[in-house]
Amino acid sequence: QVRLVESGGGLVQVGDSLQLSCVVSGRASSEYAMGWFRQVSGKEREFVGAISQSGSGSIDAGTLKGRFITSRDNQKNTVYLQMTNLKPEDTAVYYCAATQSSVLQYIARGYEYWGQGTQVTVSS
């Protein structure tokens, strides 16, 4: 059974940077393409970014205009989300997700495993 645990969330100020981590356990992270999503209460889960099993390919939500970058270190079984120039509208619970698909997925139902989420709050 694959387990995903996010960390790194917290309260930050507008313009700050923050890095989230997602540790994969139970199986080698290199078996899974990984994604990041975020969700505001009452709204649908929103795609943030995804990265292939090897890390050679990635996609991100165009609406974020390159402010968020997904990376991974398979030696550490960890996936990262580097967030820069944070804005109040980035406030959400951030989730990492894993899929064995070889095609990068940008929809939530494309992922089989999910973490519990970590809260990011951007204060103005």
Side-chain angles (χ1 to χ4, degrees):
Q1 182 71 18
V2 175
R3 183 172 181 232
L4 310 178
V5 178
E6 304 95 335
S7 63
L11 174 64
V12 296
Q13 302 296 314
V14 169
D16 284 353
S17 297
L18 194 65
Q19 185 181 65
L20 305 182
S21 299
C22 173
V23 176
V24 180
S25 61
R27 298 287 291 264
S29 65
S30 57
E31 295 182 26
Y32 301 92
M34 302 295 294
W36 285 98
F37 289 77
R38 65 186 184 183
Q39 189 169 26
V40 175
S41 180
K43 294 188 176 182
E44 291 189 0
R45 202 159 287 192
E46 177 188 13
F47 173 73
V48 173
I51 190 165
S52 65
Q53 282 84 342
S54 68
S56 61
S58 64
I59 55 175
D60 57 47
T63 54
L64 296 172
K65 300 187 186 301
R67 294 187 297 117
F68 291 12
I69 296 175
T70 299
S71 62
R72 68 190 300 159
D73 183 343
N74 285 337
Q75 295 298 314
K76 296 181 178 179
N77 285 318
T78 303
V79 181
Y80 304 97
L81 180 66
Q82 179 67 44
M83 305 184 290
T84 59
N85 191 22
L86 284 161
K87 305 178 180 185
E89 53 264 39
D90 295 320
T91 295
V93 177
Y94 284 73
Y95 298 90
C96 71
T99 177
Q100 291 185 302
S101 172
S102 60
V103 178
L104 290 176
Q105 304 288 323
Y106 60 91
I107 55 175
R109 64 175 182 268
Y111 292 84
E112 297 93 73
Y113 304 99
W114 291 83
Q116 82 290 346
T118 185
Q119 175 72 47
V120 173
T121 303
V122 184
S123 173
S124 57

A.B. asks: Go through the structure and list residues passing salt bridge (Lys or Arg N to Asp or Glu O under 4.0 Å) with Glu46, not counting sequence neighbours.
C.D. replies: Arg38
A.B. asks: For a 4.5 angstrom cut-off between non-hydrogen side-chain atoms, does Trp36 reach Asp60?
C.D. replies: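 Result no, sub-4.5 Å side-chain heavy-atom pair not found.
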A.B. asks: Decide whether a cation-pi geometry holds between Arg27 and Tyr32; the criteria are a distance under 6.0 Å from NZ or CZ to the six-membered ring centre and an angle within 45° of the ring axis.
C.D. replies: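 The answer is no; the distance or angle limit is not met.
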A.B. asks: State, to 0.1 Å, how close Ser17 and Gln82 come at their nearest heavy-atom pair, and which atoms those are.
C.D. replies: CB-NE2, 4.0 Å
A.B. asks: Nearest heavy-atom pair of Tyr111 and Ile107: which atoms, and what distance?
C.D. replies: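 Distance-wise, the nearest heavy atoms are CD1-O, 3.5 Å.
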A.B. asks: Among residues at least two apart in sequence or on other chains, which ones pass salt bridge (Lys or Arg N to Asp or Glu O under 4.0 Å) with Arg67?
C.D. replies: Asp90
A.B. asks: Are Tyr113 and Ile51 connected, step by step, through hydrophobic side chains (Ile, Leu, Val, Met, Phe, Trp, Tyr) whose heavy atoms are closer than 4.5 Å?
C.D. replies: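 Tyr113 clusters together with Ile51.
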A.B. asks: Parallel, tilted or perpendicular: which describes the rings of Phe47 and Tyr106, with under 30° parallel and over 60° perpendicular?
C.D. replies: perpendicular
A.B. asks: Say you draw a straight line from NZ of Lys76 to OG of Ser29; how long is it, rounded to the nearest 0.5 Å?
C.D. replies: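 If we round to the nearest 0.5 Å, Lys76:NZ and Ser29:OG are 12.0 Å apart.
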A.B. asks: Contact between Met83 and Leu20 at the side-chain level, heavy atoms closer than 4.5 Å - yes or no?
C.D. replies: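 Sidechains of Leu20 and Met83: in contact.
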A.B. asks: For the CG atom of Asp73 and the OG atom of Ser30, what is their distance to the nearest 0.5 Å?
C.D. replies: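 Nearest 0.5 Å value for the CG-OG distance: 11.0 Å.
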A.B. asks: Would you indicate whether the side-chain heavy atoms of Ser52 and Leu104 approach each other to under 4.5 Å?
C.D. replies: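 With C-beta onward as the side chain, the pair touches.
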A.B. asks: Examine Val93 and Val12 and state if one hydrophobic cluster contains both, with Ile, Leu, Val, Met, Phe, Trp and Tyr joined whenever side-chain heavy atoms are less than 4.5 Å apart.
C.D. replies: no
A.B. asks: Do the non-hydrogen side-chain atoms of Phe68 and Leu86 ever get within less than 4.5 Å of each other?
C.D. replies: yes
A.B. asks: Identify the heavy atoms of Ser101 and Ala33 that sit nearest to each other, and give their distance.
C.D. replies: O-CB, 3.9 Å
A.B. asks: Going from CG on Leu64 to OG1 on Thr84, what distance comes out if it is rounded to the nearest 0.5 angstrom?
C.D. replies: 9.5 Å
A.B. asks: For Val5 and Ser25, run side-chain contact (heavy atoms from CB on, under 4.5 Å): C-alpha distance rounded to whole Å, both residues' side-chain angles, the deciding distance at 0.1 Å, then the answer.
C.D. replies: CA-CA 8 Å; Val5 178; Ser25 61; 5.7 Å; no
A.B. asks: Ignoring hydrogens, what is the shortest heavy-atom contact between Ser21 and Thr78? Give both atom names and the distance.
C.D. replies: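 In terms of heavy atoms, the two residues are closest at CB-CG2, 4.1 Å.
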A.B. asks: Decide yes or no on side-chain contact (heavy atoms from CB on, under 4.5 Å) for Gln53 and Glu31, but give the supporting numbers first.
C.D. replies: CA-CA 6 Å; Gln53 282 84 342; Glu31 295 182 26; 5.8 Å; no
A.B. asks: Glu6 side chain to Thr118 main-chain N or O, any donor-acceptor pair under 3.5 Å?
C.D. replies: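 It does not hold such a pair.
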A.B. asks: Minimum heavy-atom separation for Tyr95 to Gln116, with atom names?
C.D. replies: CE2-O, 3.5 Å
A.B. asks: Are Val79 and Val48 connected, step by step, through hydrophobic side chains (Ile, Leu, Val, Met, Phe, Trp, Tyr) whose heavy atoms are closer than 4.5 Å?
C.D. replies: yes
A.B. asks: Can you tell me if CD on Gln75 sees more than 12 non-hydrogen neighbours from other groups inside 6.0 Å?
C.D. replies: no
A.B. asks: Checking side-chain hydrogen bond (donor to acceptor under 3.5 Å, both in side chains) for the pair Glu112/Thr99: CA distance, chi angles, key distance, verdict?
C.D. replies: CA-CA 5 Å; Glu112 297 93 73; Thr99 177; 2.8 Å; yes
A.B. asks: Any side-chain to backbone donor/acceptor pair from Thr91 onto Val122? Under 3.5 Å, distance only.
C.D. replies: yes
A.B. asks: Do you know the tightest heavy-atom contact between Leu4 and Ala98?
C.D. replies: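 Closest pair (atom of Leu4, atom of Ala98, distance): CD1-N, 3.7 Å.
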